[in-house]
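Notes to accompany the following structure.
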Amino acid sequence: MRAGHWHFSLGAVAVVGGSFLLPYLLSMSLAIDIVILAIAATAFNLMLGYTGLLSFGQAAFFAIGGYAAGNVLLHLGLSALPTLLVSGLAGAAASAVVGFLTLRLRNVYFILMTLAFAQLIYFLALSWREVTGGASGLRNFPRPELNLGAVSLSLESTIAVYIFAVIMLLACLAVFYRLISSPIGLVLRCIRENQERVEAIGYPVGRYKMMCFSVAGAMTGIAGGLYAIQWLIVPVGVASMDQSAAIVFMSILGGVGHPLGPVLGAAIYTWLADVISVYWARWPLLFGLFIIVIILFLRGGLTEGIARLAAFLQRTPERR
Amino acid sequence: MDLFLIKALNGLTTGALYAMTAFGLTFILGMMNIPNFAHGALFALGAYIGFSLLGLTGSFWLALCLAPILMAIFGVALERGLIQRLYGDNPENETYILLVLFAVAIMMQEVIILGWGASGQSTLPPASLLGATQLGPIFFPKYRLFILLATLVVIAACWLFIERTHYGALIKAAIDKREMVMLLGYDIRVLFALSFALGTALAALAGVLSLPIRGVHPFIGTDILALSFVIVVIGGLGNLYGAIFAGLLIGMVQEFATLVHPLAPWISVYGVMMLVLLLRPTGLFGTR
Amino acid sequence: MMKDRSSATRRSVLKAVGAASLTVGVGGLLTPRRVLAQEPVTILGIIPQTGPYAADGELIMRGQQLALEAFGGEVLGRPINYIVRDTANDAGTATRRVTEAIESEGVVGIVGPWADDVGQAVADVARRHKVIHYWSGGPVECHRYWFQWAPPYYTGAKAGMDYAMEKNPEGKRWYRLTADYAFGWTLEELEDQFAEEHGIEWVGSSRHVLGEREFSRYMGEILAAQPDVLVINNFGLDTAQAIREAVAYGLNQTTQILVPWGSGIEDYLRLDPSITQGIIIGSAFYYTAEPAQEFSAKYIERYGEPPGYPAGSGYGALEILLNGIERAGSSDPADVVQALEGWEFDSVVGPTKIDAATHQTIRPFFVTEGKSPSEMENEFDVARVVSTSSEMPPTEALGCQDIGEL
């Protein structure tokens, strides 16, 4: 699973192609949701798939990014890119705090700390209504323009927001790819395999983890900011445990460890949730079952399934 | 003074239920190193089964005894049938066991809605425990006093089991040093199943006990899940009784936190946990 | 705008509609096929089917379905295409699904959702797409296509407090337990206003987080304050939990419990008559009200329990919407809006009028009081209606300054 240059190009083509196709297959707003969650899922992938850190609290950074964007748009009226910059920084800062708090924690304790932090943010969001609107959510902020220096583009139409979101996804994926195919990425993967050994060799594991946290937090924050720009409301539910769990599950579904797994997972999960819920409100029952089946038999998620299928069809051993 | 007395008793009662649930979780977590993300759902299903048994038989006592037994069987089935497929030395397995258990929890929540509907139900305490009783200067609900008593009895029984029986000693030893117990020739799978059964039964028991004061609805599981973990972490892994103390502590903290701010009960809980983890990463009484 | 206070009962209106439909139907059968462009009228029921309010969503849907049946599944001789979508209790999801439904199914009217923040999101979509949104719940930014079925919190709070003071004029030491979100804060502000008029003294106030399960921790403070009246400013499951704890600590012996804005029969059924006796609960719908008899009877027959506020709101809002379409003689939202504005008629809650300036439905709010077990004639006879009020706040207080254009 080494992300070489040609893998990157292939991945880029897949994502760009997929994003052209998506609005024809689904409604525009669903497509935008998919793109936003794909960014959050990719951040999660960086943490779990590449550094072995299972964070059950990604919703916290998503929400923080969203609230940051909403407030900035409400009070400062910034344009789109600076707004997302603020979202990203907010997400990174919060994530760095969690990273710092969990540096010495292992396994269970780590997961629980992320969960607890996310719950803390949720309850803070419920109570700090001046900033978050409390249970009613943050509203009444305007959609920004996209100010590119010489030219200023309007984001009023949904298609404009979609294209903007896709560009942000591609940017995040580019950063992600760059990171995982760099020496830093290698160290992160080593940390995933055996943290003590990496420490013994002499790498400052703490610093690498902090970096992983910050980048993942920044990306998730940006996803939250995009959510705010698209829906013009940041409901408190974006900070809930359900949201964290959704990010976890869609990534598993797609396949953590593969660079584009979670992107695929985000697409499939969001689409299924939308379509099936119309027919059966109790669809999470099936989804839970599906996740269990995947964890038991297809650990690498759908991407592994596709790879196996492709190998089977080619009838040649899978080449790495 | 009256206010303090009532709040102290309240805190202890709420804390008692927390303690019992967290105590069950400690078995599972300490024994198998599995963060049982289905623990809240087990609590909830136990409460619902207790509710149905109560409806069927009219006897709260029967429901109280039978529901934990039924849930224990379910717990063992879950562990043997599903979880044990994921055991292994790979640390990744822990992560996946957690996720499977969480998926199970989601499924259980949907099953509850399918079986009992999405709206909440409630019951009254058994007739003998209805009403309040005079305790010095204050009136306090009889049923809550019963909860305190019941928790005491159950924990004493567990203590006896752990400290005075063969299997109890094995469990305690295995929580401390699993490989050693295995090297001594004991079948760790039996201990795993036993621990899971015990943990599940305790959660279910707490669920049934909470029925007359909180009622049931499909989301009581998620409410208590994060809280149980916080308590176990504060108490510390590797120490069975740390969770009990932490549960009571959290119950008291939440009780008195209402004097500060409506959200203080929740923020303080997570705040305490973060504080404890920062100062003592293994929890208050933990050994690892 | 012709104001006609029709004395016809709802039944005769329905009979007329039924006869008209029959005529049109028969006429349709006798008409060459080509003329039968029976385009269905599409109505969207947007409700929570998953998430914490899934139970209420189910009840709302029941009410909506019964309203459809009361109309024979037809309006203006055209079949009603009733579609249901899940809000998942998320403003973003609801926005998307409503937008999709409008764009792909040609929705002309929306009824629902349930939670206030989701309701605001849906109202925003309705405004953008100029479809009718018949809402029941808290305050939402008004617009020309939006209507409010529930009475204002003003009416509810005032009616409840008035009755409590009537019941015990000496009891002026009040304590309130409030849910910490917009609903609770609004009730508190209104209660302050009315408290001043009655000479009520607030001996204490506690706020709890929305969705709190453990109310015992507030009982200490409440008991210590020894109030005459305990006001519980929350809704749904929170209310049941709070009342249950209060009674467990014996508060109902010394204190009158008042729930200004509740779910009606559901609040009572979630608990036990031994707990709810003597408690005052206000609600936007109560099933024993005379105009609700037919609906309630059908509901009880089908579901084995009486309808509460969620089901009542589902029925009531859709009933008015469909009647409005009939009255307008067209399913074009702009026509329906004009038909509804200022209309006075009888609905499932009693004499009803739709205020043209604010689109507030002016109709009775019901204050109920729990019966003791010995007074009950059947298992659902848990409370009696002790007062109703259709009193409207001063227009500025309704928060709808400019209803906007079509």
Side-chain angles (χ1 to χ4, degrees), chain A residues 26-34 36-37 62 66 119 122-129 132-140 156-158 224 226-243 246 270-271 273-285 287, chain C residues 46-55 57-58 61 83-105 115-125 128 137-141 179-186 207-212 234-235 238:
Chain A
L26 309 163
S27 74
M28 192 61 89
S29 44
L30 190 60
I32 294 177
D33 256 5
I34 288 176
I36 289 175
L37 285 170
F62 191 92
Q119 287 288 82
Y122 176 76
F123 285 110
L124 267 175
L126 264 183
S127 71
W128 201 7
R129 43 198 132 99
T132 67
S136 318
L138 185 61
R139 294 178 50 239
N140 281 331
E156 278 309 308
S157 67
T158 32
L226 277 170
Y227 184 100
I229 292 176
Q230 155 64 354
W231 295 113
L232 300 177
I233 180 172
V234 187
V236 75
V238 296
S240 68
M241 189 150 78
D242 289 335
Q243 180 82 337
T270 313
W271 170 67
D274 203 60
V275 163
I276 299 186
S277 66
V278 175
Y279 297 108
W280 198 36
R282 305 270 76 84
W283 70 275
L285 184 60
F287 183 72
Chain C
I46 181 83
I47 53 176
Q49 292 178 299
T50 54
Y53 301 123
E58 165 76 31
M61 191 159 70
I83 56 178
V84 177
R85 294 289 179 268
D86 178 15
T87 64
N89 201 42
D90 176 58
T93 307
T95 303
R96 176 177 65 236
R97 293 196 176 144
V98 172
T99 311
E100 272 168 20
I102 293 175
E103 285 168 357
S104 61
E105 312 252 4
D116 286 353
D117 59 334
V118 183
Q120 178 66 69
V122 173
D124 290 343
V125 177
R128 280 201 289 274
V140 158
E141 267 171 38
D180 198 26
Y181 70 118
F183 169 77
W185 311 329
T186 312
R207 284 209 182 147
H208 69 85
V209 69
L210 173 62
E212 179 67 81
N234 58 29
F235 187 82
D238 289 356

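Within every chain, numbering begins at 1; the chains are lettered A, B, ... in the order of the sequence lines, protein sequences first and strands thereafter. Here the structure is a predicted model, which means the values were calculated and not measured.
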If one checks every heavy atom of Asp116(C) against chain A at 4.5 Å, the contacting part turns out to be neither
Check your understanding: Hey, is Asp117(C) close enough to Arg139(A) for a salt bridge, meaning N to O under 4.0 Å?
Key -> no
Okay, Asp124(C) and chain A: the region with an atom under 4.5 Å from a heavy atom over there is side chain
Okay, Ile233(A) and chain C: the region with an atom under 4.5 Å from a heavy atom over there is side chain
Nearest heavy-atom contact between Arg96(C) and Ser27(A) is CD-OG, 4.2 Å
Sorted by chain and number, sequence neighbours left out, ring pair (Phe, Tyr, Trp, His ring centres under 6.0 Å) with Tyr122(A) holds for none
Answer key: most heavy-atom pairs under 4.5 Å with chain C among Pro284(A), Ser277(A), Gly137(A), Gly134(A) is Ser277(A)
If one checks every heavy atom of Asp242(A) against chain C at 4.5 Å, the contacting part turns out to be neither
Is the CH2 atom of Trp185(C) crowded by more than 12 outside heavy atoms at less than 6.0 Å? yes
Output for pair (Thr95(C) OG1, Leu232(A) CG), nearest 0.5 Å, gives 9.0 Å
Under 4.5 Å to a heavy atom of chain A? For Glu100(C) that would be side chain
Report task. Evaluate the side-chain contact (heavy atoms from CB on, under 4.5 Å) criterion for residues Thr99(C) and Met28(A): first the C-alpha distance (whole Å), next the side-chain angles of each, then the deciding distance (0.1 Å), finally the verdict. Result -> CA-CA 10 Å; Thr99(C) 311; Met28(A) 192 61 89; over 6 Å; no
Whatever's closer than 4.5 Å to a heavy atom in chain A on Gln120(C) counts as side chain
Max heavy-atom pairs within cutoff under 4.5 Å with chain C, candidates Leu126(A), Asp33(A), Leu30(A), Val234(A), goes to Leu30(A)
dist Asp86(C):CG -> Trp280(A):CH2 (nearest 0.5 Å) comes out at 14.0 Å
